[in-house]
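Residue numbers count from 1 along this sequence. Both counts, for ligands and for their atoms, begin at 1 and track the order of listing.
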Amino acid sequence: MNYVSTRGDTTPQSFCDILLGGLAPDGGLYLPESYPQITKQNLAEWRELPYHALALRVLELFITDIPACDLKTLIDRTYTAHAYRWCRAGRDASDITPLTTLEPNFHLLELSNGPTLAFKDMAMQLLGNLFEYVLAKRGADINILGATSGDTGSAAEYAMRGKKGVRVFMLSPHGKMSAFQRAQMYSLTDPNIFNIAIRGMFDDCQDIVKAVSNDAVFKARYKIGAVNSINWARVAAQIVYYFKGYFEATQTNDETVDFCVPSGNFGNICAGHIARMMGLPIRKLVLATNENDVLDEFFRTGIYRPRATAETHVTSSPSMDISKASNFERFIFDLMGRDAKAVAALWAKVDAGMSFDLSDTEALKRLPEFGFVSGSSTHADRLATIREVWTQYGLMIDTHTADAVKVAREHREQGIPMVVLETAQPVKFAETIQEALACDPVRPKELEGIEARPQVVEVMPADVEAVKRFVAARCV
Ligand SMILES: *Cc1c(COP(=O)(O)O)cnc(C)c1O
């Protein structure tokens with residue numbers, strides 16, 4: 001399996017070649033040169049497989065440059081009941097992504113039972129093991145530089161802690177994350193993890209990461225890498241749970257299902273799109289946004305209008321607070337019939353801060369073939385949905401999942417199972433749970449009192465040179 005860029009670079013690249021990098025040299029995103037097609041027979045054979053075995057079947061279609069036995073070891077080590085033990089009472093942790101049925105044909109797929117209680121663990125944990133393996137093979141090492149507003153940073157740190165050949169430098173906005181999120185990250189004591197709290201906002205952190213990455217000399221000298229959401233391996237790992245969710249929500253492979261996905265950077269739902277392109281019987285992909293509705297707007301109108309940073313709403317589902325969706329280019333590439341020239345022209349506009357309008361094009365006429373529909377949600381919707389799910393089903397859900405449940409309800413169709421992806425546990429967003437239910441979410445026993453653990457964090461000004469010096473001093 002080779003990978004090509006959405007902007008036209010067709011130099012064949014293997015999975016391991018693109019694993020450690022970010023963008024393609026032409027600024028595009030990598031995608032498989034074609035999607036592997038699964039057969040009726042595949043579905044029949046895969047239906048009963050446990051998660052780790054299913055993951056191997058799906059991922060070996062995309063990862064053809066790691067020997068099968070090594071890949072199996074890496075996947076088995078990643079998807080263990082122990083790592084995903086924080087499931088709801090009564091669910092089986094060895095399912096990794098247990099399905100909870102709210103009512104007939106309405107389900108939650110739990111993706112947030114990993115170490116940081118958000119779905120990003122599902123892919124990031126595999127990335128940690130893949131990085132360590134490939135770096136050891138190549139005798140290389142990498143310094144991951146990232147910016148986080150909460151979930152990504154902790155998922156990256158828990159995935160990379162203790163990994164040989166990897167250091168993580170994670171910038172977070174000083175004093176802007178919840179006490180729980182701070183404790184998750186700053187209480188790590190692994191010698192390869194460095195937390196840097198920047199006096200500023202998340203955007204200041206992101207700007208520093210961009211500035212450092214744009215310094216080609218520094219980047220090469222200090223082997224700066226990234227694990228952001230455009231990383232292909234993250235998307236690939238997420239394809240697996242669409243298969244798992246499909247099998248759990250159906251009795252036979254003749255049925256179709258709908259998935260509803262709370263979306264920000266379009267990474268999670270992009271994996272669903274690919275599963276559907278591979279032939280998994282998904283009828284609709286329902287995209288849910290919060291007040292930051294740039295994607296909902298596109299699926300309703302055909303106009304993609306990235307927002308200015310100042311226009312981005314700060315919401316109670318903060319992991320979906322985006323001004324543009326970094327993975328969206330992958331979908332548009334497919335929608336445009338893989339016309340890389342056309343995609344490059346559209347993103348020349350996006351990169352210049354402009355919008356594009358496909359409303360009167362042939363491409364948009366094909367949109368229904370791709371199964372996408374969308375909707376959005378507000379803070380008031382979130383509170384109401386959290387309350388309703390609590391009173392109707394006795395289940396507590398987090399704010400992002402609430403956005404998806406709200407939108408999923410608007411798109412349900414008689415007789416078709418709707419699977420809502422549950423992307424975080426409520427304890428991460430306790431303030432909003434308090435507001436909705438006037439009680440505190442329960443947390444896993446092992447995480448009781450983590451706010452009181454000693455924390456290690458370097459507080460720094462929003463200064464590119466200071467961050468560079470910090471990194472350089474620790475990479476000797
Ligand atoms: C990251 C995140 C999302 C959004 O996922 P994308 O892949 O960026 O669309 C939704 N919910 C939670 C809890 C997240 O952490």
### Nearest heavy atoms of Ile322 and Gly264, plus distance in Å
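Ile322 and Gly264 have their closest heavy atoms at CD1-O, 3.2 Å.
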### Shortest non-hydrogen separation from Ala404 to Ala288 and the atoms involved
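Distance-wise, the nearest heavy atoms are CA-CB, 3.8 Å.
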### Summary
Output for pair (Thr399 OG1, Lys428 NZ), nearest 0.5 Å, gives 10.5 Å
#### Entry: Distance, nearest 0.5 Å, that separates NE2 of His273 from CZ of Phe372
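CZ of Phe372 is found 6.0 Å from NE2 of His273.
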#### Entry: Arg161 to Tyr158, cation-pi by 6.0 Å centre distance and 45° axis angle
yes
### Message
On the six-membered ring of Phe370, is Arg276 placed so that its NZ or CZ lies under 6.0 angstrom from the centre and within 45° of the ring axis?
### Response
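Output no; distance or angle outside limits.
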### Pair Glu110 + Arg88: basic N to acidic O under 4.0 Å
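Result for this pair is yes, salt bridge flagged.
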Atoms of ligand 1 less than 4.0 Å from [X] heavy atoms?
| X | result |
| --- | --- |
| Ala424 | 13 (C) |
| Gly267 | 6 (P), 7 (O), 9 (O) |
| Gly264 | 4 (C), 6 (P), 8 (O), 9 (O) |
| Lys120 | 1 (C), 2 (C), 3 (C), 14 (C), 15 (O) |
| His400 | 11 (N), 12 (C), 13 (C) |
| Asp151 | 13 (C), 14 (C), 15 (O) |

### Side chain Arg338, main chain Glu33, donor-acceptor under 3.5 Å
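Present.
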### Task
Record the part of Phe266 in heavy-atom contact with ligand 1 below 4.0 Å; permitted values are side chain, backbone, both and neither.
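The answer is the backbone.
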Taking [atom] as the reference point, the nearest protein heavy atom with its distance:
| atom | value |
| --- | --- |
| atom 8 (O) of ligand 1 | Asn265 N, 2.8 Å |
| atom 7 (O) of ligand 1 | Asn268 N, 2.9 Å |
| atom 11 (N) of ligand 1 | Thr423 OG1, 2.9 Å |

### Message
With a cutoff of 4.0 Å, is Pro262 in contact with ligand 1, counting heavy atoms of the residue only?
### Response
yes
